[in-house]
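Comments concern the structure below.
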Amino acid sequence: MTFDPELISLLRVPPKLVALTGAGVSQESGLRTFRDAQTGLWAQYKPEELASPEAFRRDPKLIWDWYAWRREAVKGVRPNPGHYALAEMAQRVPEFTLITQNVDGLHRMAGHQKLIELHGNIQRVRCADCYTFAEAWGDDTESVPRCSVCGGLLRPDVVWFGEALPRDQLEAAIEAARSCDVFFSIGTSGVVQPAASLAFAAHNRGAVVVEINAEPTPLTPKANYVFHGKSGEILPRLVEAVWG
Ligand SMILES: [Zn+2]
């Protein structure tokens with residue numbers, strides 16, 4: 001694989017860089033999508049019926065158990081070379097903002113501690129009432145664990161259907177997209193809003209847009225550089241070509 005020398009020089013400057021990652025990056029680690037992952041006991045439910053505040057109000061224990069099962073599934077998954085390449089880019093580029101739509105925490109596992117998690121993180125648990133984060137909780141209890149501060153029910157710190165994205169994270173993401181020189185859109189279908197609009201915001205402000213995805217997306221016609229394939233193969237080669 002060869003890269004356009006202009007892209008290489010652009011990254012060497014270094015630019016203000018933003019990378020947005022989506023489900024495709026997690027799938028390369030073997031993590032099944034939300035929908036495909038509904039197996040066994042859970043096959044009878046649609047994710048939309050479980051991942052909502054209404055569902056949690058109706059049957060908190062059912063939703064708690066589903067997330068306990070999903071957290072367990074994530075434990076068997078490891079970051080892939082794409083996650084590590086992004087962590088390496090963050091070391092090389094001082095003004096680098098990583099934004100992810102993924103809730104699995106794989107970027108953190110790859111050493112990326114500072115990032116914007118638009119949809120939350122499945123490994124974090126917080127109070128449904130007062131937002132206090134819980135450090136420890138029991139998954140195997142008869143009832144849903146409760147907040148040590150106010151006694152409210154604990155829930156995963158993820159964004160459910162019908163819920164707004166965390167405002168501070170979204171604002172930081174928009175600000176980064178509007179002010180960057182280069183925007184990478186990686187493993188994301190470009191259809192889930194508001195994340196999809198970030199790349200267009202960057203493009204409209206004159207940023208160079210690089211898309212890495214298995215297949216074409218609505219962003220593809222606007223992108224300056226398009227790579228169809230696995231981010232776990234393309235990103236490490238790009239890092240090698242620029243900084244190797
Ligand atoms: Zn509380």
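For ligands, and for the atoms within them, numbers begin at 1 and follow the listed sequence.
- Defined by atom type and a distance below 3.5 Å, a donor-acceptor pair is missing between the side-chain atoms of T217 and S189.
- With respect to R178 and E171, no salt bridge is recorded, no charged nitrogen being found less than 4.0 Å from a carboxylate O.
- Salt-bridge annotation for K75 and E72: present, with a side-chain N of the basic residue lying under 4.0 Å from a carboxylate O of the acidic one.
- Nearest heavy-atom pair, W137 versus Q123, reported as atom, atom and distance to 0.1 Å: CH2-O, 3.6 Å.
- The Zn ion (ligand 1) has C127 SG, C130 SG, C147 SG, C150 SG as protein N, O or S atoms under 2.8 Å away.
- Heavy-atom contacts from other residues, nucleotides or ligands closer than 6.0 Å to CZ of R78 number more than 12.
- Salt bridge present: E117 and R124 bring a charged side-chain N and a carboxylate O closer than 4.0 Å.
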